[in-house]
2 protein chains.
Amino acid sequence: MPRAGLSRDAVTDLAVELVDSSPDGFAGLTLAAVAARAGVAVPSLYKHIGSLADLRRSVALVAVTELLRRSSATTVGRAGEDALRALGREIRAFAAEHPGLYEATQVAPAFDESGQDDPASLALAQAAVDTVDVVGAVLRGFGLPDARTVDAVRVTRAAIHGFVELEAHGGFGMPDDVGRSFEALLDVLVSGLVTLARA
Amino acid sequence: MPRAGLSRDAVTDLAVELVDSSPDGFAGLTLAAVAARAGVAVPSLYKHIGSLADLRRSVALVAVTELLRRSSATTVGRAGEDALRALGREIRAFAAEHPGLYEATQVAPAFDESGQDDPASLALAQAAVDTVDVVGAVLRGFGLPDARTVDAVRVTRAAIHGFVELEAHGGFGMPDDVGRSFEALLDVLVSGLVTLARA
DNA sequence: GCCCCTATGCTAATGTGATTAGCTACTTTT
DNA sequence: AAAAGTAGCTAATCACATTAGCATAGGGGC
């Protein structure tokens with residue numbers, strides 16, 4: 001029996017491909033499906049990953065890392081309203097191109113109450129924090145009072161995430177152009193944040 | 001063997017209770033768990049429901065119907081900004097009191113491409129439309145041009161849903177008061193929609 | 001009050017998926 | 001070339017959904 005030459009990264013890569021090509025998205029991530037792609041029996045995967053939950057977190061780390069990369073890339077050299085609009089569009093584009101990965105972006109790290117958190121979960125938590133920090137940096141240009149910054153970051157994340165989620169799950173039944181509605185969301189966000197900064 | 005006296009509604013009610021009390025929320029809805037609560041063997045449930053997916057949609061119908069009821073109740077007699085704030089707070093409160101049901105609210109009706117949609121799915125779709133219509137009615141008070149109404153409804157739904165989702169899934173890591181951030185979301189929404197109406 | 005019929009419950013069996021245990025053989029190290 | 005570790009395998013177990021087929025409870029008709 002020849003070896004398949006797998007590794008943790010190789011398995012994760014297969015899982016990432018699967019998640020974005022499966023009609024079930026992130027929920028379609030099963031060990032059976034990954035093993036089939038790898039040309040290997042299901043239990044063989046356990047030589048490289050600890051469990052399905054572990055693999056899910058690996059995929060989540062890839063997802064958050066990529067979202068962070070794109071978020072950073074699109075906002076460097078921009079400020080204020082310009083940066084916020086670019087960030088919003090980039091997140092929406094990421095979700096459109098990688099629906100499974102976008103879902104994975106919401107996976108929580110494993111909290112081990114014994115304090116023995118695994119490194120992958122720590123990395124995932126850190127990447128998530130970094131991604132939120134990008135939003136904070138983008139909002140610096142709005143001149144919000146320090147006491148309101150956390151609120152503004154939450155509002156921004158909520159608005160963009162909510163839109164992308166509803167869009168991805170077919171939550172918009174009307175035939176009207178969704179891209180236009182997203183621009184309206186950005187308009188509302190920009191003018192609302194400007195008002196919030198004045199309060 | 002005495003009969004358990006089940007019915008479609010009784011099974012759905014048990015499922016509704018389960019979904020809100022299970023730590024796994026809507027994902028914790030399994031036939032095994034429902035059967036245990038009913039004091040019945042798992043296959044017995046099939047006398048009352050068609051499948052797990054069918055039961056999920058039944059729960060979703062209960063959830064959307066209740067959300068619709070509360071949304072309507074809290075907005076009657078209010079208008080404009082007042083109505084929008086009340087609606088937002090009510091949806092957030094519903095999600096806090098019934099996390100499982102709030103999740104269920106996002107379940108899509110079954111689309112049978114043969115055109116043979118079952119009545120439960122039609123009812124679910126109708127209830128969902130009615131719920132979105134409440135948002136539309138609330139926004140009437142903002143004097144938006146007709147061409148912008150759909151955008152505004154989408155923006156409003158996205159913002160509120162996104163916030164509630166992130167909050168429910170522990171997406172807000174900072175220790176700052178989340179209720180205050182939600183009020184900020186409503187502030188941003190109100191001032192943003194007013195601006196949108198002027199554009 | 002008795003019989004029949006249907007609805008509601010059951011057990012048994014199948015399929016999918018995750019996980020663990022234990023075996024074997026490839027590949028690298030010494 | 002032997003030793004050692006690693007990466008694959010099969011077999012078995014567990015949870016859950018689903019289907020098939022059986023038994024009976026309990027109400028409607030006589």
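Letters A, B, ... are given to chains in the order of the sequence lines, protein chains preceding strands, and every chain is numbered from 1.
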How many whole angstroms separate atom [atom1] of [X] from atom [atom2] of [N]?
X	N	atom1	atom2	value
A:D54	C:dA18	CG	P	14 Å
A:I49	D:dG8	CD1	C1'	15 Å
A:L6	D:dG8	CG	C1'	9 Å
B:L29	D:dC16	CG	C1'	12 Å
B:H48	C:dT6	NE2	C1'	14 Å
A:K47	C:dT24	NZ	P	14 Å
A:L45	C:dG17	CG	P	13 Å

So if I take every side-chain heavy atom of [X] and compare against [options], which nucleotide ends up nearest?
X	options	value
B:L31	D:dT10, D:dA17, C:dT11	D:dA17
A:Y46	D:dT19, C:dG17, C:dT19	C:dT19
A:L52	C:dT19, D:dG8, D:dA17	C:dT19
B:V40	C:dA18, C:dG9, D:dA20	C:dG9
B:T30	D:dG8, D:dC16, C:dA21	D:dC16
A:S44	D:dA17, C:dG9, D:dC9	D:dC9
B:S51	C:dG17, C:dT19, D:dT18	D:dT18

*Could you tell me how the ring of B:F163 sits relative to the ring of B:F182: parallel (under 30°), tilted (30 to 60°) or perpendicular (over 60°)?*
perpendicular

[X] versus [Y], closest heavy-atom pair with distance:
X	Y	result
A:V153	A:G136	CG2-CA, 3.7 Å
B:A158	A:L185	CB-CD1, 4.4 Å
B:R85	B:V190	NH2-CG2, 4.0 Å
A:E103	A:D24	OE2-O, 4.4 Å

*Pick base, sugar-phosphate or nothing for B:V42, based on heavy-atom distances below 4.0 Å to the nucleic acid.*
base

